[in-house]
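Report on the following structure.
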Amino acid sequence: PGTDVVPLSRAMNAADENHLAAGDVYILLFRENTSGKYEYAYRLVPRSFVEGTDPLGATYTIGILHGFPQSDWSVNFRAMIVAGVTGSDMDEFEKRIDGVNRAENPMEAARARLMFTQVGNWPVTRKLPMWGESSSSFKLDAENMGTITLLRAVARVDVGVNFEKNGDS
C-alpha cells in the first residue's frame, strides 16, 4: 500500500516490454463486404515506423504503402495490428484464418483464431504478443486510420498449496 512499485513477473522491464521493432509488427486489413461485415483482405508490414517520445516506448506512428487495386480505394477498411510476433507466427495465423471470410462475421472469426503457442516455457526474452483493432472504418486514401491501442491477453496466476486463512486450513 502506498507504493507505485509493481512486482515484475518477467525478466524484462516495462520499457523493454513496451518496445516494438518494425519487423515484429503486422497490419491486417479487413475490407467491408456488401453485408457490412469486414473480410480479411491483406497482411502488410509497416512501410515507415517511427517511435514516439514516450520514455516507455509505448507510442508509434506506422505508415503503410501497398499497391492496392483501384477497386479498393472506395471501400471501407478496418485494421488489426499484431505485434511482438515473428513472420512464421503470422504464417501459422494465416493458415488458421483460411476460409474465415465464409463466416457470418469474418473479422470476429479471425480474432477468435488469434493464438500463439510456445512449446515448453515461454522464453523470458521473448515479448508476449499484442493485438489491437481500429475502432472505426477508414478509406485507403485516408491520412490517418486512427489510434490503435495494443493489448495483451495475459493473466498472472499464483498457485499455492496449503494456503491458510486466519490460521485455519
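The shown structure was predicted, so the numbers you read here are calculated from the model rather than taken from an experiment. No hydrogens, no waters, no symmetry mates; every other heavy atom, side chains included, goes into these values.
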Open item on the list: Run the side-chain contact (heavy atoms from CB on, under 4.5 Å) test on M130 and V82 for me, step by step, so that the C-alpha distance in whole Å, both residues' side-chain angles and the decisive distance to 0.1 Å come before the verdict.
Closed with: CA-CA 6 Å; M130 297 184 286; V82 182; over 6 Å; no

Open item on the list: With heavy-atom distances below 4.5 Å as the criterion, would you say the side chains of D72 and L29 are in contact?
Closed with: no

Task: Mutual orientation of the aromatic rings belonging to F68 and F77 [parallel < 30°, tilted 30-60°, perpendicular > 60°] - done: tilted

TODO: Find out whether M107 and R78 are in side-chain contact, i.e. whether some heavy atom of one side chain is under 4.5 Å from a heavy atom of the other.
DONE: yes

Task: Exam field: side chain K139 to backbone S74, donor-acceptor pair closer than 3.5 Å - done: yes

Task: Pair E108, Y38: side-chain N/O donor-acceptor within cut-off below 3.5 Å - done: no

Open item on the list: A side-chain contact here means heavy atoms from C-beta on lying under 4.5 Å apart; do Y40 and L28 qualify?
Closed with: yes

Task: E39 backbone acceptor or donor facing R31 side chain under 3.5 Å - done: no

- [ ] Walk me through it: do R111 and W131 pass the test side-chain contact (heavy atoms from CB on, under 4.5 Å)?
- [x] CA-CA 9 Å; R111 185 184 316 112; W131 70 279; 3.7 Å; yes

- [ ] Would you check if V85 and M90 make a side-chain contact, meaning some heavy-atom pair closer than 4.5 Å?
- [x] yes

Task: Euclidean distance, F30 CZ relative to S137 OG, rounded to 0.5 Å - done: 14.5 Å

TODO: Look at E94 together with R43 and state whether they make a salt bridge at an N to O cut-off of under 4.0 Å.
DONE: yes

- [ ] Taking all heavy atoms of W73 and all of P69, pick out the closest pair and write down the distance.
- [x] CD1-O, 3.4 Å

TODO: Assess the side chains of T86 and D89: does a donor N or O sit below 3.5 Å from an acceptor N or O?
DONE: yes

Open item on the list: With a 4.5 Å cut-off on side-chain heavy atoms, are L150 and I81 touching?
Closed with: yes

Open item on the list: I want to check something: taking the side chain as every heavy atom from C-beta on, are F93 and L114 in contact at a cut-off of under 4.5 Å?
Closed with: yes

Task: Shortest non-hydrogen separation from A109 to V100 and the atoms involved - done: CB-CG2, 3.2 Å

Task: 4.5 Å side-chain heavy-atom contact, I62 and S48 - done: no

Task: Pairwise distance CG(L151) to CG(L128) - rounded to 0.5 angstrom - done: 13.0 Å

TODO: Decide yes or no for L44 and Y26: does some side-chain heavy atom of the first lie under 4.5 Å from some side-chain heavy atom of the second?
DONE: no

